[in-house]
Structures are given as structure tokens and as C-alpha cells.
Amino acid sequence: MSETAVRTKKKHPIRNTLLVILAIAMVYLAIDRSNKSNNEKYLGHGFDYMHGWSSTDFTGYHVYDSEKLYKLDHEASLIIENEEDMPVLDGAEACYPVYSALALAAYKNIGAIEADYKKQAEEKQESRDFEDDDYSLMEVYFCNGKYVSFTNTVQGYDRLIRGDVDILIGARPSQAQKNDAALSNEQIVTMPIGREAFVFFTQASNPVDSLTSDQIRSIYHGDITSWKDVGGKNQKIVAFQRPENSGSQVAMKWFMGDVPMADPKTVDIVNIGPMGGIVTEVAQYNDEKGALGYTFKYFLTGLNQEENVKILAVDGIYPTAENIKNGTYPATVSLVAATLASNDKPYVNKMLEFMLSDDGQEIIEQTGYAGLTDRNVTPTVENDLTLKENVFVNEEDDAKLLVYGDVETGSLLRFELIYHDNKFKGQINTMYNDGDVVKNEYWIYENGSDFETDIVYDPELKTITFVKTVYNPKELDIPPDGYVFKAE
């Protein structure tokens, strides 16, 4: 390998991820308050809580201050005793009270466990004194928990695909999220665990109480622009959309079907220069006259997000608990638990089974969602695997290296190393020398950044050789260099 070869980006992906998260937090802190005030009606809920990930104050909904969480009056049918067996949870903002309550019931002493991690993470954050071993603790800080984490739907699916999260609770993934999973050689699997109403709402003073499905689609397509055309005042309809890949935007695109949505209304918040340019947010409902918005019912009513608004009936049917559970409300959607098909941790399946159990369904219903009328559900595989699998083996060590992509063209993306009954999965990056690609030379790192090495592919011998271990903080039992795999 050329001594002058350099990597396409810095080492230690966890650090890079945390720096991105920190940069996002700094962006929000840098927003000029007067500018924010002037644009308040276009900023909508904003992200004021949970280190910028949430628009909701979740005090009382955490497992360590659980006053607002629903609690069973008996021991749950599933108790996960050991920390290392507890699946990591994340999810949509409206679903945090659900999966937090599920964890409180099934994870032994989870309140004390998360409280201890929270204290350690906050002390480390305040000290600004970070060492290699501290970055997992800082991820606890920025992701709002070790096992019961929260980073909202968009970041949550990213973390699920990376393998940082075991189960995500929320809406089904967007097409972009499915594509990301395919590029990571992962399949997202979703399983319905409850039902929820996708609702449309306007000001309480608006005389319109109901819209048809076709009227809503026409409004969001841009054909109907005045409330007068749907039985209301001669007033412009301000139809707001949600951010791309958010759970509610995925649900809205499902509702629209083949009817395309008009471009969303955006507002420039502040120019932050080279850190990221102009930050834009999709405007959301915030007491705009003539406004029409959409969200999930629990987010609007259960978390008391808005005042002076009313939920509209759709096709003359109001989203009551009964109409949601029996499916007569036209915009009834599934609350799903999303996992990766490759995740074979035994307690992931046990936790999914618990969500469908009597105890799990009780928690879901008492939190404010509708349970399932039929629990005999079939998981849905959301995306196909599209990357070519190339198999290399080291017969002496009974080890296998799976490389995903095209080895002949050099477009390698992902790897999986099976070594001494352990599996390491991660990303492959191209080597560069003075801006030019170094052919057949790469560096690979495990998801979680516990292992990183430089590799060389020999197209004549059809071998891949580990030529230099760069990062191995946990001293994983992998040869540091000269480790050769031959094409099977």
C-alpha cells in the first residue's frame, strides 16, 4: 500500500457521528432569538428538548422519572434480567411514551440503569475531557439513553440500519430509508403492534368539521386552495407539510397514493456559513389562519401539543378509539416495530412477542393507541438486498469475509467478518492518494468503531489481505496484519 495514501474521511466513525450531532445542537443554539421570534409561526414545534431531537418535554415519560408512564399492576410476562440482553429501543416522538413504558415493564431495574448512565454522561459532557472509551458514553448523552434512547424517526432509522438500535417503534420506513438499508446490505422488517389514526387538523374556529379523502388529496396537490371550496370561509388554505422521512410525512405519502404533493413551504432560519449553509425547516402548523396540518392523533391529543385546534373527520368518520381499532376511520395506520432481518439477538424476538402479548397490548392501549384486533400478524420485509455478495475464506482459521459490492470495478460498500464465532459488520471506504483513487486498496471499519483495518485486494490471486490494523481499542482477537482471505 502506498505510504502516501490517505483516507476519504477521519477515523473513528462514532466520533464523527457524535461531532455531527454536536454540530446540529450548536446550530440550534446559534439561531438568533429575534430571528426565531419573527419566524415563529413558520417554525412550528421546533426541537427544544431531548438534545434537539424532540419538540415535546418528556419529563415524566423517561424510565427514570416515570410518573406519566402507564404501569402494569402485576409483574410483566417478560422480564429481561441482564443488561446485555436488553434490546436498544428508539422511535418516533409520539411513540416515546409507548416504548418507554414497555421497557419499564420488561427491563429489570431499567430506571436505575438509565439514571446511572445519564448521570455519568452528563458529568462527562460537562468535563469536556474525552478519551476513546468515553465516546460510547457520549452517545448515551446525545441519544438520550443507553437502552431506551430517543433520536426521532429520521435519525432512529439511520441508527437502526447502522446496527446501533435493535427495535424502532413508529411508522413504516420511507422509500429513502429502504434504499439506505439496501445500500447497507440490510433488510428492514416491520411488524404491526398497534393501530393509530393519522389525523388532519385546523383551527377550532374553522367552520369546516370534515373533509373527504379526495378533498384532502386535492388540497395537498394544489388543486383546492380556498376553504370556500370545501364548505368554509372565503379564506386561503395554508396546507403545511412535515419534513421528508419523518413518520408523519411517510404516512401522508401513503394517504396521497398516486397523487403527488405540492412542494412544501419552507423558511430560511439562519445562514451559518461553512458549517452547513442555510438551514431550512419545513414549516409546520402554528396557529396560521386558514392552516391545515396533519400528524398522528396521540401526538396531538395525548401529548397536548396544540391548543385551539380541532381534528377533522375524514369521509364523515371521526377518529374515535373504536373507529381506529376497527379500521373504519379511513386514515388508520399501523404502529410498527421495525428491526433488521440480520439481527439474531434472542431477546429482540422475545421483546416483539411481548408487544403482542396481553401485557404489551395493555400498555399500548393504555398509553393512548389502539390495540390489534388480530394479533396473528405477519412481519413485512420492507426492502430487497441489492448488493452482490463476494465470499472470501481463511481455511486455517475457519474464518469468512463477506464483501458486498463489485470487487472487479472497485465499488465495495459493506463487509461482514465471521471470526471465531463472532460477527463484525461495517463499511468499506476507498483509499486515496493526492486525490486519486488507489486501486484495490481500502480501509474498513466495524459498525460501532471497535475495529478498523486497511485491506488490499489482489485481482490476480483473488485474495484480500489485512495489511494494517489501525484501530482496535477493545483488543479484539483479530490478526493485525498479513491476514489473508482467498475467494471461495
Side-chain angles (χ1 to χ4, degrees), residues 47-123 137 139-153 156 159 165-170 193-194 196 296-305 335 337 347-348 350-371:
F47 296 91
D48 296 329
Y49 304 99
M50 304 289 275
H51 301 111
W53 298 120
S54 175
S55 62
T56 301
D57 182 357
F58 279 127
T59 301
Y61 290 105
H62 309 104
V63 290
Y64 51 79
D65 65 351
S66 57
E67 294 85 359
K68 296 180 181 179
L69 292 180
Y70 179 75
K71 301 176 182 66
L72 299 172
D73 61 3
H74 56 274
E75 183 174 279
S77 55
L78 172 69
I79 298 294
I80 303 178
E81 301 274 350
N82 300 318
E83 243 189 85
E84 58 270 22
D85 292 329
M86 296 175 180
V88 177
L89 308 178
D90 202 341
E93 189 169 351
C95 298
Y96 184 72
V98 176
Y99 66 83
S100 192
L102 289 166
L104 187 66
Y107 293 7
K108 186 175 181 179
N109 298 326
I110 188 61
I113 290 170
E114 290 287 17
D116 182 56
Y117 279 116
K118 178 176 182 290
K119 180 181 178 181
Q120 293 181 54
E122 288 177 343
E123 290 175 349
L137 189 59
E139 188 169 17
V140 170
Y141 178 85
F142 286 113
C143 297
N144 301 292
K146 174 76 170 180
Y147 303 104
V148 188
S149 62
F150 173 79
T151 58
N152 73 34
T153 303
R159 297 181 68 218
V165 169
D166 294 309
I167 304 174
L168 181 141
I169 306 298
I193 59 171
E196 169 66 317
F296 296 101
K297 184 182 178 184
Y298 180 75
F299 183 80
L300 191 62
T301 59
L303 295 177
N304 300 312
Q305 290 300 297
L335 175 68
Y347 278 91
V348 170
K350 290 181 183 295
M351 194 62 185
L352 294 176
E353 293 170 359
F354 175 67
M355 294 175 190
L356 296 176
S357 70
D358 290 345
D359 286 347
Q361 290 291 291
E362 178 181 335
I363 290 171
I364 289 169
E365 290 189 353
Q366 292 301 320
T367 299
Y369 291 82

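The ring pair (Phe, Tyr, Trp, His ring centres under 6.0 Å) test applied to Tyr147 returns no partner, not counting sequence neighbours. In this structure, the salt bridge (Lys or Arg N to Asp or Glu O under 4.0 Å) partners of Lys118, at least two apart in sequence or on a different chain, are Glu122. In this view, Asp358 and Arg375 satisfy the salt bridge (Lys or Arg N to Asp or Glu O under 4.0 Å) rule, not counting sequence neighbours. The ring pair (Phe, Tyr, Trp, His ring centres under 6.0 Å) search around Tyr64 returns His62, not counting sequence neighbours. With sequence neighbours left out, the ring pair (Phe, Tyr, Trp, His ring centres under 6.0 Å) criterion links Tyr107 to no other residue. Asp116 pairs by the side-chain hydrogen bond (donor to acceptor under 3.5 Å, both in side chains) definition with Gln120, not counting sequence neighbours. With sequence neighbours left out, Tyr369 forms a ring pair (Phe, Tyr, Trp, His ring centres under 6.0 Å) with Tyr298.
Here the side chain of Asp90 pairs no donor or acceptor atom with the backbone of Leu168 at under 3.5 angstrom.
Between atom CE of residue Met351 and atom CD1 of residue Ile80 there is a gap of 6.0 Å, rounded to the nearest 0.5 Å. Atoms CG and CG, on Asp48 and Asp57 in that order, are 9.5 Å from each other to the nearest 0.5 Å. Taken to the nearest 0.5 Å, the CZ atom of Arg159 stands 10.5 Å off from the CG atom of Asn152. From Cys143, atom SG reaches atom CE of Met50 across 10.5 Å, with rounding to the nearest 0.5 Å.
Judged as a salt bridge (charged side-chain N to carboxylate O under 4.0 Å, His left out), not a single pair has a partner in residues 65-78 (not counting sequence neighbours). Residue pairs that meet the salt bridge (charged side-chain N to carboxylate O under 4.0 Å, His left out) test with at least one member in residues 359-370, sequence neighbours left out, are Lys325-Glu365. Contacts classified as ring pair (Phe, Tyr, Trp, His ring centres under 6.0 Å) and involving residues 68-87 (residues at least two apart or in different chains) are not found. Within the structure, the salt bridge (charged side-chain N to carboxylate O under 4.0 Å, His left out) test picks out the following pairs touching residues 94-113 (sequence neighbours left out): Glu81-Lys108.
The two residues Thr151 and Gly156 have their closest heavy-atom pair at OG1-N, 3.4 Å. Across Ser55 and Glu93, no two heavy atoms sit closer than the pair OG-OE2, 2.6 Å. Residue Ile79 comes nearest to Ala76 through the heavy atom pair CG1-O, 3.9 Å, listed as atom of the first residue, atom of the second, then distance. Considering every non-hydrogen atom in both Thr153 and Ala92, the closest pair reads OG1-CB, 3.2 Å. Between Ile193 and Ile364, the shortest heavy-atom distance links the atoms O-CD1, 3.2 Å.
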Which atom pairs, donor and acceptor, lie under 3.5 Å between side-chain atoms of residues 94-103 and protein residues at least two apart or in another chain?
from	atom 1	to	atom 2	distance (Å)
Tyr99	OH	Gly91	N	3.3
Tyr99	OH	Ser149	O	2.7
Ser100	OG	Tyr61	O	2.8

For the pair Met86 and Ile113, evaluate side-chain contact (heavy atoms from CB on, under 4.5 Å) and give the outcome as yes or no after the intermediate values. CA-CA 11 Å; Met86 296 175 180; Ile113 290 170; 3.9 Å; yes
task: Carefully, step by step, assess Leu352 and Ile167 under the rule side-chain contact (heavy atoms from CB on, under 4.5 Å).
output: CA-CA 9 Å; Leu352 294 176; Ile167 304 174; 4.2 Å; yes
Discussion item. Run the side-chain contact (heavy atoms from CB on, under 4.5 Å) test on Ile169 and Met355 for me, step by step, so that the C-alpha distance in whole Å, both residues' side-chain angles and the decisive distance to 0.1 Å come before the verdict.
Written reply: CA-CA 11 Å; Ile169 306 298; Met355 294 175 190; 3.8 Å; yes
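None of Trp53, Tyr49, Phe58 except one satisfies the ring-ring contact (aromatic ring centres under 6.0 Å, His included) rule with Phe150; the exception is Phe58.
Ring pair Phe142/His51 is perpendicular by interplanar angle, where above 60° counts as perpendicular and below 30° as parallel.
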